[in-house]
Structures are given as C-alpha cells and as structure tokens.
Amino acid sequence: MVIGELAEKTGMSTHAIRFYEKEGLLNGTHVQRSENNYRCYSTDTIERLQLIKQGRAAGFTLVEIRDLISAWQSGDMTIEEKIQIVQQKIADIDSRIHELAQTKDYLRSKLSLIQAGIA
C-alpha cells in the first residue's frame, strides 16, 4: 500500500510515517521501494505504527521504542526484563494519573471560588 493509504488506516500523517521510517522504527519488512521509487508498505506496518502510537501514548521515547522493539524481536530480553519494563511504565502512568487528578481537583476548587465571586 502507498503512504496515503497507510496514513488513512493508522490515523497518522504521512510526515509522521516518513519520520518513523527515518528514525529506524520501520525497516525493510515494512517498507520497500517500487520501480518508480515510491514507498510501498506491507500490511504489517499498520500494526507497527499502532505499537509506536501506543508506546508514545504510554510515555516511551522513540529511542526507547526502537531499542525495545529491537531487543524484543531479537530475543535479547528475558521475560523478566519485559515484565519489569511494562510494570515500570504502568507505575509511571499511575503516577501521572495521580498528578493529573490533583491538578483537576485544584482547578475545580479555583473554579468554585471564581463562580462564587471570591476570586
């Protein structure tokens, strides 16, 4: 499939897809060049881009995502290491949720003061 189709199927911009390719997150199994030098993407690329999107949403950097994908696929990580990485990211997300909840409570209290004409 061409990049426009891939962008439509993943909800990503063509610019982002090219960027991820440049950063080494998409490799030869995901993208080939046709005779006219157009990029042709495999259907596996959709899953890879979804993985990248979810990884970014979870707070992983692109370097972390690239390194994790490489280690995961090469078998260089033990199950214990995989579990530890995922558990740590879950803990990070829980911490962010807690911080956001505190910020939300603070803003609600300020809003109440504003509405009461106190602030």
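In summary, of the residues considered (Leu49, Thr10, Ile17, Ile46), a side chain to side chain contact (heavy atoms under 4.5 Å, CB included) with Tyr41 occurs for Ile17 alone.
In this structure, Val31 and Glu21 approach most closely via the heavy-atom pair CG1-OE2, 3.6 Å. Ala7 and Ser13 make their closest contact through CB-C, 4.3 Å (heavy atoms, listed as atom of the first residue, atom of the second, distance). The nearest pair of heavy atoms linking Thr14 to Ile3 is O-CD1, 3.7 Å.
Rounded to the nearest 0.5 angstrom, Ile69 CD1 and Leu26 CG are separated by 8.5 Å. Here the NZ-CD1 distance, from Lys110 to Ile118, works out to 10.5 Å after rounding to the nearest 0.5 Å. Here the straight-line distance linking atom CD of Glu80 with atom CD of Gln87 works out to 11.0 Å at 0.5 Å rounding. Rounded to the nearest 0.5 angstrom, Ile52 CD1 and Glu47 CD are separated by 11.0 Å.
At least one donor-acceptor pair under 3.5 Å links the side chain of Ser74 to the backbone N or O of Ser70. No donor-acceptor distance shorter than 3.5 angstrom exists from the side chain of Arg18 to the backbone of Lys22, with no hydrogens or angles considered. With hydrogens and angles disregarded, a donor-acceptor distance shorter than 3.5 Å links the side chain of Glu81 to the backbone of Thr78. Thr45 contributes a side-chain N or O that, together with a main-chain N or O of His30, makes up a donor-acceptor pair within less than 3.5 Å. Glu5 places a side-chain N or O within 3.5 Å of a backbone atom of Val2 that can act as its donor or acceptor partner.
Using a 4.5 Å cut-off between side-chain heavy atoms of Ile, Leu, Val, Met, Phe, Trp and Tyr, with links allowed through other members, Leu51 and Phe19 fall into the same hydrophobic cluster. A single hydrophobic cluster is not seen to contain both Ile83 and Phe60; linkage of ILVMFWY side chains at heavy-atom distances under 4.5 Å, directly or through other members, places them apart. No continuous path of ILVMFWY side-chain contacts below 4.5 Å connects Leu68 to Ile93, so the two sit in separate hydrophobic clusters.
Partners of Arg48 under the salt bridge (Lys or Arg N to Asp or Glu O under 4.0 Å) rule, at least two apart in sequence or in another chain, do not exist in this structure. Residues passing the salt bridge (Lys or Arg N to Asp or Glu O under 4.0 Å) test with Asp92 are Lys89, sequence neighbours excluded.
There is no side-chain donor-acceptor pair under 3.5 Å between Ser42 and Asp44. Side-chain atoms of Ser112 and Ser109 form no donor-acceptor pair, as typed in the model, at a separation below 3.5 Å.
A 4.5 Å side-chain heavy-atom check between Gln32 and Arg39 finds every atom pair outside the cut-off. Looking only at side-chain heavy atoms (C-beta outward), Val86 and Lys82 stay at 4.5 Å or farther from each other. Counting heavy atoms from C-beta outward, Val63 and Arg66 have side chains that approach closer than 4.5 Å. Counting heavy atoms from C-beta on, the side chains of Gln115 and Leu111 come closer than 4.5 Å. Considering only heavy atoms from C-beta on, Lys53 stays 4.5 Å or farther from Arg56 through its side chain.
For Arg33, the CZ atom sits in a packed shell: over 12 heavy atoms of surrounding residues, nucleotides or ligands are nearer than 6.0 Å. Annotation for Glu8: atom CD does not count as buried by contact number, only 12 or fewer foreign heavy atoms lying within 6.0 Å. Enclosure of atom CD1 in Ile79 is not indicated, since only 12 or fewer non-hydrogen atoms of other residues, nucleotides or ligands lie within 6.0 angstrom. The environment of CD in Glu23 is crowded: more than 12 heavy-atom neighbours from other residues, nucleotides or ligands sit within 6.0 Å.
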